[in-house]
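Here's the structure, in structure tokens; my notes come after.
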Amino acid sequence: MNHRLAAAASSDQQSWLGALVDWSVSLMDTIGPVGVGLAIAFENIFPPIPSEAILPAAGFAAHQGAFGVVPAIAWATVGSVVGALALYLIGMLVGIHRLRWLFDKIPLLRADDIDKTVAWFTRHGSAAVFFGRFLPIFRSLISIPAGVVRMPIWRFLLYTALGSLIWNTAFILIGWVLGSAWHVVEDYMGIAQNVVIVVVAALVIWFVVTRIRALRR
């Protein structure tokens with residue numbers, strides 16, 4: 001691959017997160033589209049690695065002729081599924097009974113919170129897994145409850161693959177179209193990720209306040 005891709009990444013990233021992006025780009029530089037798959041697999045397991053940076057970089061590499069767009073999309077989707085499956089298996093190993101025991105030990109939490117979550121996921125699990133692939137942070141974490149409730153693995157893999165295929169295709173094509181300006185995507189997706197974090201924090205605060213009021217009553 002042309003090393004201009006790695007240089008572009010390095011020049012725009014100055015933090016530890018930038019170092020992770022540089023490492024991901026170096027995988028593409030070394031082993032081609034397989035590196036895209038490996039980087040995305042790690043991104044699923046370790047959410048701070050932003051796929052919003054890795055995928056456009058892969059698109060730029062395809063734009064430069066280092067490898068094709070289709071192999072990049074295919075390997076990225078394989079990486080997404082492999083990473084999600086690892087978290088699914090972790091959730092399956094933890095299981096419902098261990099979580100119920102743990103929730104009984106943690107202040108403000110109750111075992112029946114797990115029961116309610118399981119009931120909700122049983123009804124809406126397929127949609128949660130599919131649409132979760134489009135949300136920062138949840139893209140990784142949604143695999144764990146799927147494993148906890150032992151969602152049929154074929155269904156989990158199907159909806160994970162479909163959601164990942166759409167997400168990966170969109171961002172790789174964006175990188176291909178933008179060319180050397182691929183890194184501007186990070187600024188916009190960083191805003192989206194911050195919005196998700198704020199919403200999650202607000203929900204956590206609402207839950208804590210509501211639970212404390214209930215206990216006082």
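Please read all numbers here as calculations on a predicted model, not as lab measurements.
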How long is the gap from [atom1] on [X] to [atom2] on [Y], to the nearest 0.5 Å?
X	Y	atom1	atom2	result
I90	I45	CD1	CD1	7.0 Å
S80	W75	OG	CH2	13.0 Å
I40	S164	CD1	OG	9.0 Å
L55	T169	CG	OG1	9.5 Å
L85	N44	CG	CG	10.5 Å
L178	L173	CG	CG	11.0 Å

Specify the closest pair of heavy atoms between I142 and A128, including all atoms of both residues, with the distance to one decimal.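 That would be CG1-O, 3.6 Å.
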Under the rule for side-chain contact (heavy atoms from CB on, under 4.5 Å), what residues qualify as partners of [X], not counting sequence neighbours?
X	answer
A72	F67, I172
W101	K105
A41	none
R98	V94

Qualifying residues under side chain to side chain donor-acceptor pair (under 3.5 Å), relative to S143, sequence neighbours excluded: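 Partners of S143 by the side chain to side chain donor-acceptor pair (under 3.5 Å) criterion come out as none, since no residue qualifies.
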Indicate whether the side chain of N168 and that of R133 have a donor and an acceptor atom separated by less than 3.5 Å.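 Not at all, the side chains of N168 and R133 share no donor-acceptor pair under 3.5 Å.
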Grouping I, L, V, M, F, W and Y whenever their side-chain heavy atoms are under 4.5 Å apart, do V70 and L165 come out in a common cluster?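 No; tracing contacts between hydrophobic side chains, which count when under 4.5 Å, never links both residues.
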According to the interplanar angle, ranging from 0 to 90°, do the rings of F134 and F131 count as parallel (below 30°), tilted (30 to 60°) or perpendicular (above 60°)?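 Geometry flag for F131 against F134: perpendicular rings.
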For a 4.5 angstrom cut-off between non-hydrogen side-chain atoms, does R123 reach W120?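 R123 vs W120: side chains touch.
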Side-chain heavy-atom pair F121, V129 within 4.5 angstrom cut-off: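 Yes, their side chains come closer than 4.5 Å.
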Before giving the answer on side-chain contact (heavy atoms from CB on, under 4.5 Å), spell out for L38 and I31 the whole-Å C-alpha distance, their side-chain angles and the decisive distance to 0.1 Å. CA-CA 10 Å; L38 288 174; I31 55 178; 3.6 Å; yes
Exercise answer: donor-acceptor pairs, residues 145-163 side-chain atoms, under 3.5 Å, sequence neighbours excluded:
residue	atom	partner	partner atom	Å
T160	OG1	F156	O	2.7

